[in-house]
Every structure is written in structure tokens, then in C-alpha cells.
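Data block below; observations after.
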Amino acid sequence: MNHILRNAADRLRAASVESARADARILLEHAERNGLDFEVLIRRRVAHEPVAYITGHKEFWSLDFGVGPGVLIPRPETETLVEQALCELPDRKQPYRFLDLGTGSGCLLIALLKEFPNAIGVGIDGSAAALFWAEQNVMRHGLGHRCRFRKADWAEVDGHFDLIMSNPPYISTADAAGLQPDVRDFEPEAALDGGQGGLTAYRAIAPILGRNLKANGIAVLEIGAGQHQFAGRIIEGQGLTIVRAKPDLGGILRCLVVRKPLGKP
Ligand SMILES: C[S@@+](CC[C@H](N)C(=O)[O-])C[C@H]1O[C@@H](n2cnc3c(N)ncnc32)[C@H](O)[C@@H]1O
């Protein structure tokens with residue numbers, strides 16, 4: 001068995017796959033558990049298909065999420081948004097209303113609905129393929145009665161919310177071309193490409209926060225490396241307050257925490 005694993009890891013390494021040994025081990029376990037042909041799985045990984053698409057799932061906030069082509073694979077740094085929302089809303093029993101802009105797999109919204117047993121949530125995404133996975137995941141976690149998804153542009157959102165969360169596409173068009181092939185060639189462009197400077201989504205989302213947050217409501221927004229001042233200025237331009245910028249575990253400022261002041265209509 002060891003030589004099968006070693007041989008597979010060598011082939012992945014030769015194809016410039018990072019974490020070759022760990023990937024080979026995950027794929028071997030997946031093949032054995034599901035009666036699949038390990039060779040076929042390794043060939044897919046040699047072609048740089050992400051492990052999570054091959055196995056069909058990914059962990060986020062210690063919950064299991066179904067994923068596949070057409071939806072962004074949840075990233076560990078996005079858990080910073082969950083932590084910050086928990087920090088700002090200490091009373092877990094409140095019947096809060098949550099909104100997730102660009103819900104993708106639904107990982108953020110589902111993680112927070114699990115933490116707030118009386119909250120309800122709406123997830124918006126422009127991608128039908130992404131929403132397919134969000135619907136699967138909300139059923140998997142038994143939250144269908146507290147969560148609904150809508151296929152729409154986020155500009156069309158209505159209603160008032162205690163918490164708005166978003167991990168929008170924020171990679172600049174110039175940088176998107178230089179992403180690793182695992183990401184660039186497999187994950188959806190609409191989830192990655194944030195236009196010139198990577199800030200297009202924040203310009204669209206800032207007025208939505210101004211309009212659709214309740215007074216004193218909060219927002220948690222994911223940002224890319226070096227974007228906190230630019231994104232922060234766009235948000236403040238709507239009369240909103242930046243409470244803090246919080247780093248992820250790698251030390252990169254990853255989450256803007258925003259509050260709508262009490263007096264603002
Ligand atoms: C970076 S992904 C985030 C997915 C998920 N929230 C997560 O954190 O893993 C951004 C998502 O926003 C969606 N999106 C991009 N532009 C949009 C728009 N104008 N209206 C609605 N959804 C949009 C994409 O389809 C994608 O699913």
C-alpha cells in the first residue's frame with residue numbers, strides 16, 4: 001500500500017501539485033471508502049482538479065459542505081467572518097435576520113445559522129450552479145425551515161437585516177490570470193474576479209449595506225491582502241462605520257467589521 005501512495009505522491013509532485021503526499025492519502029482513502037478507481041482520481045489531480053471537487057466535499061467551521069464544479073470551495077480564512085459575527089452578536093438566542101451576499105456553497109450563512117438557533121437567513125447568488133450546492137448543503141444541515149436562497153444580482157436585494165455577510169470576488173482581473181491552475185482553471189470566474197483593483201464588488205455592496213442594514217446592524221466583509229483601506233473608504237462613503245479590520249490566522253487583514261450608526265436612516 002505504501003508504494004502505491006509513494007508512487008502517486010511522486011506523480012503529483014512531478015505535476016507541481018503542492019501537498020502531494022497529503023492529497024494522495026486523501027484520494028486513496030476516498031477511493032477505498034467509495035469503491036472508486038484510485039488511478040482515475042490521481043489522474044484528475046495530476047490535471048490540477050481540486051481535491052474538494054474530486055471528493056465532493058470540504059470542511060468549513062467544523063461542518064461538512066458538498067461542493068463541485070460551479071461553486072467556490074470554502075476557504076479557512078473565511079472563518080474569520082464567522083468569528084467576528086459571533087464577537088459582535090453575543091446573544092445567541094436572538095431571532096436575528098441574516099443576509100449573505102454571494103452565498104456560494106452557503107458555508108457562511110449555514111455556519112452562522114447553526115450558531116444562532118432562532119435566526120433566519122437569506123442567501124443571494126447570481127449563479128444557479130452555486131445555488132444548487134447551497135440548497136444541498138442547507139438540507140444536509142437540516143436548516144431548510146430557517147433559510148432560503150434566491151438567484152439574483154445582489155443589487156436586487158430588499159428587506160432589513162441585523163447582520164449582512166459577504167465574501168465577494170476580490171481578486172483584481174490582472175492577478176486572476178496568475179492564479180494557481182487549481183483555482184484559475186477550475187473554480188468559477190464569477191467567484192474570483194473582482195474587476196480592476198479587485199474593488200468592484202465593494203462599490204456595489206456598500207450602498208446595499210447602507211440601505212438594507214437595520215440601524216446599529218453589522219456587516220462582516222471579506223477583503224483581500226492590502227485592500228482594507230481602499231475597501232474601508234468605499235464603505236465609509238455610505239456613512240457607515242468601520243469597527244475594525246481583523247487578520248486571519250496568516251496575519252493578513254481579512255475581515256472588515258462594519259456598523260450602521262444608530263441615527264442613520
Ligand atoms: C468568493 S465567492 C464566495 C462564496 C461563499 N460565500 C464562500 O465564502 O465560500 C463569491 C460569490 O458571489 C457570487 N457573485 C458574484 N457577483 C455577484 C453579483 N453581482 N450578485 C450576486 N452574486 C454574485 C458568485 O457567484 C460567488 O458564488
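Residues take their numbers from the sequence shown, with the count starting at 1. Order of appearance sets the numbers: ligands from 1, and atoms from 1 within every ligand.
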(message) If only side-chain N and O atoms count, and only distance matters, is there a donor-acceptor pair under 3.5 Å linking Tyr170 with Glu222?
(response) yes
(message) Between Phe98 and Phe116 (judged by ring centroids, cut-off 6.0 Å), do the two rings come close enough to count as a pair?
(response) yes
(request) State whether the number of non-hydrogen atoms from other residues, nucleotides or ligands found under 6.0 Å of Leu262 atom CG is greater than 12. (result) yes
(request) Hey, could you give me each pair passing salt bridge (charged side-chain N to carboxylate O under 4.0 Å, His left out) that has a residue in residues 161-171? Not counting sequence neighbours. (result) Asp162-Lys214
(request) Carefully, step by step, assess Glu156 and Arg150 under the rule salt bridge (charged side-chain N to carboxylate O under 4.0 Å, His left out). (result) CA-CA 10 Å; Glu156 294 169 31; Arg150 204 177 130 204; 3.8 Å; yes
N/O to N/O under 3.5 Å, ligand 1 against protein:
from	atom 1	to	atom 2	distance (Å)
ligand 1	6 (N)	Gly102	O	2.9
ligand 1	6 (N)	Thr103	O	3.3
ligand 1	8 (O)	Asn167	ND2	2.9
ligand 1	19 (N)	Asp153	OD2	3.2
ligand 1	19 (N)	Trp154	NE1	3.4
ligand 1	20 (N)	Trp154	N	3.0
ligand 1	22 (N)	Gly126	N	3.1
ligand 1	25 (O)	Asp125	OD1	2.6
ligand 1	27 (O)	Asp125	OD1	3.4
ligand 1	27 (O)	Asp125	OD2	2.7

(request) Kindly say whether the aromatic ring centers of His141 and Phe65 come within a distance under 6.0 Å. (result) yes
